S.K.: 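My questions will all concern the structure given below.
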There are 2 protein chains.
Amino acid sequence: MTVMETTPAPAPAKVDVCAAAPESHPRPNGQDRYTISEVVAFTGLTAHTLRWYERIGLMPDVDRSHTGQRRYSNHDLDWLAFVNKLRLTGMPVAHMVRYAELVRLGEETFAERQELLESTRRDVLNRMAELQDTLAVLDHKINFYAGTRPAPERD
Amino acid sequence: MTVMETTPAPAPAKVDVCAAAPESHPRPNGQDRYTISEVVAFTGLTAHTLRWYERIGLMPDVDRSHTGQRRYSNHDLDWLAFVNKLRLTGMPVAHMVRYAELVRLGEETFAERQELLESTRRDVLNRMAELQDTLAVLDHKINFYAGTRPAPERD
DNA sequence: TAGAACCTTGGAGTGCACTCCAAGCAAGCA
DNA sequence: TGCTTGCTTGGAGTGCACTCCAAGGTTCTA
């Protein structure tokens, strides 16, 4: 809970969020002021969901045009791609919001972020093991069904 | 929809459901008349969920005591174990109900059952690929966080 | 034979993750 | 300048998969 003094090291802001793999962006940095409908097209999320993410604190600090419309950056796109990955693991949104909060709080939260991701990692491995298990059962049954019939389209 | 004449072949009922792997049952066949709370203990599902499965057609034909209380068989336990595996894949309950319906309809539905399971199999493989992808991202970030700190409990 | 613990039902409620709505302002084009 | 399309908000609604409730009957142990 106690916030330490900011470290004097001149680390660039990007380091804090932990740069993602070098994904290509629709537009180069500097021209990256995407409207919400562009982000919809790039991410597959709906505009509703994007606004909702912002409301619950999962998508912080989206820039605005002078009239108040959202303008997303490449950095925002990277964040959304990461969130999407977490979402696919079945991670509850509340945990993602917690992670987003930790990112906002700065470098003091590196340890907790690491723990959170490691816990997620364990969940992912468990899910993969479950799926592998299920795959075996499915294959068993599929083979059974395939074997009981005269192989419709063979040859 | 049309129901064919019952096949004269004296196939045991078990064949139709496609026997699962030889899982050990709490009690041998013949003494397998489990109460709902026993099934809760074995499966980890709640009694609410078991009754709900029955109501929606996912858990058909559970035997009853002479006073109307449910008595589950080893066969029912096998079915629940399979349903649980499907559930873990994220398969919608409506699809599982469809599969249960096909089982009820008999051997004429083998082909459709196979298709349904093959489609599920593809979903499982896709999910596993997504998870593998996510795992790479998680590892990348975890390594980043681990590298920025003085390795707390090393040595 | 009493009392506790368990089981029954239909229907209503819950939590999650969106999803939609109405009313109004903004942006781009003929 | 008008018209169409897009964007804004808070709040209400949706769909899924459970989850719980009340009121009453059943089973088991002492």
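Quick caveat: nothing in here was measured; it's all calculated off a predicted structure.
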S.K.: Among the candidates C:dT19, C:dA26, D:dA17, find the nucleotide nearest to the side-chain atoms of A:Thr67.
M.R.: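 So the nucleotide nearest the side chain must be C:dA26.
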
S.K.: Report the residues that fulfil ring-ring contact (aromatic ring centres under 6.0 Å, His included) with A:Tyr34, sequence neighbours left out, ordered by chain and then residue number.
M.R.: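 Residues passing ring-ring contact (aromatic ring centres under 6.0 Å, His included) with A:Tyr34: A:Phe42.
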
S.K.: In whole angstrom, what separates A:Met96's CE from C:dC18's C1'?
M.R.: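 Roughly 12 Å, once rounded to whole Å.
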
S.K.: Apply side chain to side chain contact (heavy atoms under 4.5 Å, CB included) to B:His25 and B:Asp78, showing your working.
M.R.: CA-CA 9 Å; B:His25 296 122; B:Asp78 290 342; 2.7 Å; yes

S.K.: Side chains of B:Thr89 and A:Leu131, heavy atoms from C-beta outward: is any pair under 4.5 Å?
M.R.: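 Side chain of B:Thr89 against side chain of A:Leu131, heavy atoms only: contact under 4.5 Å found.
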
S.K.: Whole Å only: how far is the OH atom of B:Tyr53 from the P atom of D:dA17?
M.R.: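 These atoms are roughly 9 Å apart.
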
S.K.: Could you check how far CG of B:Asn84 sits from P of D:dA17, rounded to whole Å?
M.R.: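 Taking atom P of D:dA17 as the reference, CG of B:Asn84 is at 14 Å.
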
S.K.: Which residue, A:Thr49 or A:His66, contacts DNA chain C at a nucleotide closer to its 5' end, judged by nearest heavy atom?
M.R.: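 Nearest-nucleotide comparison on DNA chain C picks A:Thr49.
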
S.K.: Parallel, tilted or perpendicular for B:Trp79 and B:Tyr99, by the 30°/60° rule?
M.R.: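 Correct class here is parallel.
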
S.K.: Which letter, B, S or -, goes with each nucleotide of nucleotides 4-11 of chain C from 5' to 3', with contact meaning a protein heavy atom under 4.0 Å?
M.R.: --SSBB-B

S.K.: Are A:Val40 and A:Leu50 close enough that some pair of their side-chain heavy atoms sits under 4.5 Å apart?
M.R.: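 Yes - at least one pair of side-chain heavy atoms lies under 4.5 Å apart.
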
S.K.: Report yes if at least one side-chain N or O of B:Arg87 is closer than 4.0 Å to OP1 or OP2 of D:dC18; otherwise report no.
M.R.: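 Answer is yes, contact under 4.0 Å.
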
S.K.: Whole angstroms only, please: what is the CG-P distance between B:Leu50 and D:dA17?
M.R.: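 So the CG-P distance, B:Leu50 to D:dA17, works out to 16 Å.
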
S.K.: With sequence neighbours left out, what residues match A:Arg87 under salt bridge (Lys or Arg N to Asp or Glu O under 4.0 Å)?
M.R.: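 Per chain and number, A:Arg87 pairs via salt bridge (Lys or Arg N to Asp or Glu O under 4.0 Å) with no residue.
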
S.K.: Give me each pair satisfying side chain to side chain donor-acceptor pair (under 3.5 Å) with a member in residues 57-69 of chain A, each pair once, sequence neighbours excluded.
M.R.: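 Qualifying pairs, neighbours excluded: A:Arg33-A:Asp63, A:Glu54-A:Arg64, A:Ser65-A:Thr67.
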
S.K.: Within this structure, what is the CE-to-P distance between B:Met91 and D:dC16, rounded to whole angstrom?
M.R.: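 It works out to 15 Å between those atoms.
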
S.K.: In this structure, how many angstroms lie between the P atom of C:dA12 and the NE2 atom of B:His48, rounded?
M.R.: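 Atom-to-atom, B:His48 to C:dA12, this comes out as 17 Å.
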
S.K.: With sequence neighbours left out, what residues match A:Leu125 under side chain to side chain contact (heavy atoms under 4.5 Å, CB included)?
M.R.: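 So A:Leu125 forms a side chain to side chain contact (heavy atoms under 4.5 Å, CB included) with A:Arg121, B:Leu135.
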
S.K.: Starting from C1' on D:dA17, measure out to CG on B:Leu58 and report it in whole angstrom.
M.R.: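 Those two atoms, CG and C1', are 11 Å apart.
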
S.K.: List in numerical order all residues of residues 39-47 of chain A for which some heavy atom is under 4.0 Å away from an atom belonging to DNA chain D.
M.R.: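 Contacting residues: none.
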
S.K.: Given B:Tyr145, which of A:Glu115, A:Arg113, A:Gln114 fulfils the side chain to side chain donor-acceptor pair (under 3.5 Å) condition?
M.R.: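 Going through A:Glu115, A:Arg113, A:Gln114 one by one, the side chain to side chain donor-acceptor pair (under 3.5 Å) with B:Tyr145 is satisfied by A:Arg113 alone.
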
S.K.: Between C:dC18 atom C1' and A:Trp52 atom CH2, what is the distance in whole Å?
M.R.: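 It is 6 Å, rounded to the nearest whole Å.
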
